[in-house]
Asks: 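One structure is given below, represented as structure tokens, and several questions about it will come after.
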Amino acid sequence: MATLATPSGHPNVAMLGIGAYRPKRLITNDQLCRVLDSSDDWIFERSGIRNRRWISGDETMRSMSAAAADRAIVNSGVDREKIDLIILATSSWPWNVPHGAPIIASDIGLNGIPAFDVAAGCGGFGYALGVAADALRAGSAHYAVVIGVETMSVGLDPTDRSTGFIFGDGAGAVVVGPSEVNGISPVVSGSDGENAEAIAQNINTVDYMARSVEYQEKDPQTDPVGRMIIKMEGPRVFRWAAITLPKALTKLLTESGAGPSDIEVFVPHQANARINELMRKNLGLPDDLPMAGDIENTANTSAASIPLAIEEMLATGKAQGGQLALILGFGAGLSYAGCVATLPPAPTVSSFDGLDEAEPGPLAAHLAGIVD
């Protein structure tokens with residue numbers, strides 16, 4: 001009988017480079033409130049959000065993913081030919097088949113390498129980062145690109161006071177590769193299916209297809225088929241986060257080998273500024289310790305949230321490459337995933353380059369009335 005090969009890889013891995021893409025169209029709270037019964041002050045006080053970016057014109061999830069991945073590779077300094085794994089974290093890829101990662105691999109000149117998607121809501125980037133790190137340690141890959149991307153505006157009802165102001169679009173990516181000192185701790189993750197419906201589509205895909213067939217003969221003015229949108233029970237999610245996340249963070253630090261005093265940067269999921277401030281206090285982190293605040297101008301971009309927040313901190317000098325960061329994503333599932341990681345170098349090509357001068361295109365039809 002043959003003796004099967006046992007691969008071995010690199011025990012120490014790290015994020016070697018980061019890239020991101022932010023849509024051209026900035027939507028302020030005041031603009032959104034043209035269709036949403038709310039106000040800038042009410043939204044900011046409850047969420048910490050002032051603005052969000054939504055895709056417009058010819059921007060797509062595919063184009064954002066490719067741009068973020070390409071920038072991450074350039075910023076890492078790793079030869080493109082050495083990349084042999086791509087993991088795409090998203091819950092809003094527009095097709096069930098084919099999945100997105102192979103398409104993105106082809107778009108950035110890496111057709112043929114292993115490429116797959118991970119769908120784990122707002123914790124998706126953390127799950128994907130853990131899979132990539134473990135693949136390198138096991139010898140299944142040498143260098144990986146991990147992408148977090150969402151187009152949350154596509155499934156948004158802008159008139160819904162529970163979700164209309166929360167979500168944004170964007171993409172972030174990192175290159176993971178071998179390093180002399182380990183830069184990614186074990187990823188700690190968990191889920192709570194009993195509370196799954198706290199963040200969910202208003203109708204599942206199969207039922208929506210059946211509804212579309214049923215409504216073909218009906219008058220769209222009196223019996224509209226409606227849209228498939230995301231719904232959220234905010235108070236239920238907040239209670240879950242308040243109970244679950246402190247325990248998750250304690251476990252994360254215990255298994256990472258780092259203590260609270262070792263943490264130099266805090267990068268929580270950009271879902272709610274109040275939740276993030278509560279986590280900071282529960283951990284006993286200093287008030288002056290840098291904490292990601294990308295939510296103010298980017299809103300909640302689900303699986304893209306963590307890499308976008310890291311890129312913003314590095315690009316603006318709020319954090320430095322090599323600093324030790326506590327990272328935690330959480331949300332739909334309900335689920336969470338996080339780790340302690342060494343931040344990659346500041347990007348030489350950032351998502352902010354030329355962004356203020358970029359000309360946005362028109363928004364999707366369901367977002368009509370928000371901008372002139």
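Because only heavy atoms are used, hydrogens play no part in the values below, and waters and symmetry mates are left out as well, while side chains stay in. For reference, positions follow the sequence shown, starting with 1.
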Asks: Determine whether more than 12 heavy atoms belonging to other residues, nucleotides or ligands lie under 6.0 Å from atom NE2 of H142.
Replies: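 At most 12 heavy atoms, drawn from other residues, nucleotides or ligands, come within 6.0 Å of this atom.
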Asks: Mark yes or no for whether N202, through its side chain, and I229, through its backbone, hold a donor-acceptor pair below 3.5 Å.
Replies: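 Yes; at least one donor-acceptor contact below 3.5 Å.
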Asks: Looking at side-chain heavy atoms only, is the closest gap between F44 and I49 below 4.5 Å?
Replies: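 F44 vs I49: side chains apart.
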Asks: Look at atom CD of E197 and say whether more than 12 heavy atoms of other residues, nucleotides or ligands are closer to it than 6.0 Å.
Replies: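 Counting neighbours around CD of E197, 12 or fewer heavy atoms of other residues, nucleotides or ligands fall under 6.0 Å, so no.
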Asks: Keeping E311 on the side-chain end and G19 on the backbone end, is there a donor-acceptor pair under 3.5 Å?
Replies: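 It does not hold such a pair.
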Asks: So do the side chains of E59 and Y21 get within less than 4.5 Å of each other, counting heavy atoms only?
Replies: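 They are in side-chain contact.
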Asks: I'd like to know if R280 and E277 make a salt bridge, using a cut-off of under 4.0 Å between side-chain N and carboxylate O.
Replies: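 Yes, charged N to carboxylate O under 4.0 Å.
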Asks: Taking side chain to side chain donor-acceptor pair (under 3.5 Å) as the definition, give me every residue that meets it alongside K318, ordered by chain and number, with sequence neighbours left out.
Replies: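 With neighbours one apart ignored, the set is E312.
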Asks: Check the surroundings of atom CG in N96: do more than 12 heavy atoms from other residues, nucleotides or ligands lie under 6.0 Å from it?
Replies: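 Check fails, neighbour count at 12 or below.
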Asks: Keeping D79 on the side-chain end and K82 on the backbone end, is there a donor-acceptor pair under 3.5 Å?
Replies: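 Not at all, since once roles are kept as given, no pair shorter than 3.5 Å links the two residues.
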Asks: Take I55 and V154, measure what side-chain contact (heavy atoms from CB on, under 4.5 Å) needs, and give me the verdict at the end.
Replies: CA-CA 9 Å; I55 57 170; V154 173; 4.2 Å; yes
Asks: Should H99 and I103 count as side-chain neighbours, where that means a heavy-atom distance under 4.5 Å?
Replies: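 In short, these two side chains do not touch, never coming nearer than 4.5 Å.
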Asks: Do NZ/NE/NH1/NH2 and the carboxylate oxygens of D70 and R80 come within less than 4.0 Å?
Replies: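 A salt bridge links D70 with R80.
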Asks: Determine whether the side chains of T151 and D169 contain a donor N or O and an acceptor N or O closer than 3.5 Å.
Replies: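 T151 vs D169: no donor-acceptor pair found between side chains.
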Asks: Rounded at 0.5 Å granularity, tell me how far CD in Q31 sits from CZ in R25.
Replies: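 Atom-to-atom, Q31:CD and R25:CZ are 7.5 Å apart.
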Asks: Measure up the W240 and Y336 rings against each other and bin them: parallel (under 30°), tilted (30 to 60°), perpendicular (over 60°).
Replies: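 Geometry flag for Y336 against W240: tilted rings.
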Asks: Name each donor-acceptor pair under 3.5 Å that joins a side chain in residues 298-305 to protein atoms two or more places apart or in another chain, with its distance.
Replies:
residue	atom	partner	partner atom	Å
T298	OG1	R22	NH1	3.2
T298	OG1	D294	O	3.3
T298	OG1	D294	OD1	3.0
T298	OG1	D294	OD2	3.1
N300	OD1	H269	NE2	3.3
N300	OD1	S302	N	2.8
T301	OG1	S305	N	3.1
S302	OG	E150	OE2	3.2
S305	OG	H269	ND1	3.0
S305	OG	Q270	N	2.8

Asks: In Å and rounded to the nearest 0.5 Å, what is the CG to CG distance from L156 to L32?
Replies: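 Reported to 0.5 Å precision, the distance equals 8.0 Å.
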Asks: Given the rule that I, L, V, M, F, W and Y join up when any side-chain heavy atoms are under 4.5 Å apart, are F238 and L283 in one cluster?
Replies: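 Yes, it is one cluster - the side chains of F238 and L283 are joined through contacts under 4.5 Å.
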Asks: Judged by atom type as modelled, is there a donor-acceptor pair below 3.5 Å linking the side chain of N51 to the main-chain atoms of L26?
Replies: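 Here the side-chain-to-backbone pair does not exist.
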Asks: Check for a donor-acceptor pair, side chain of R71 on one end and backbone N or O of A20 on the other, with a separation under 3.5 Å.
Replies: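 Indeed, once roles are kept as given, a pair shorter than 3.5 Å links the two residues.
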Asks: For the residue pair N111 and S106, what are the closest heavy atoms and their distance?
Replies: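 Closest approach of N111 to S106, heavy atoms only: OD1-CB, 3.7 Å.
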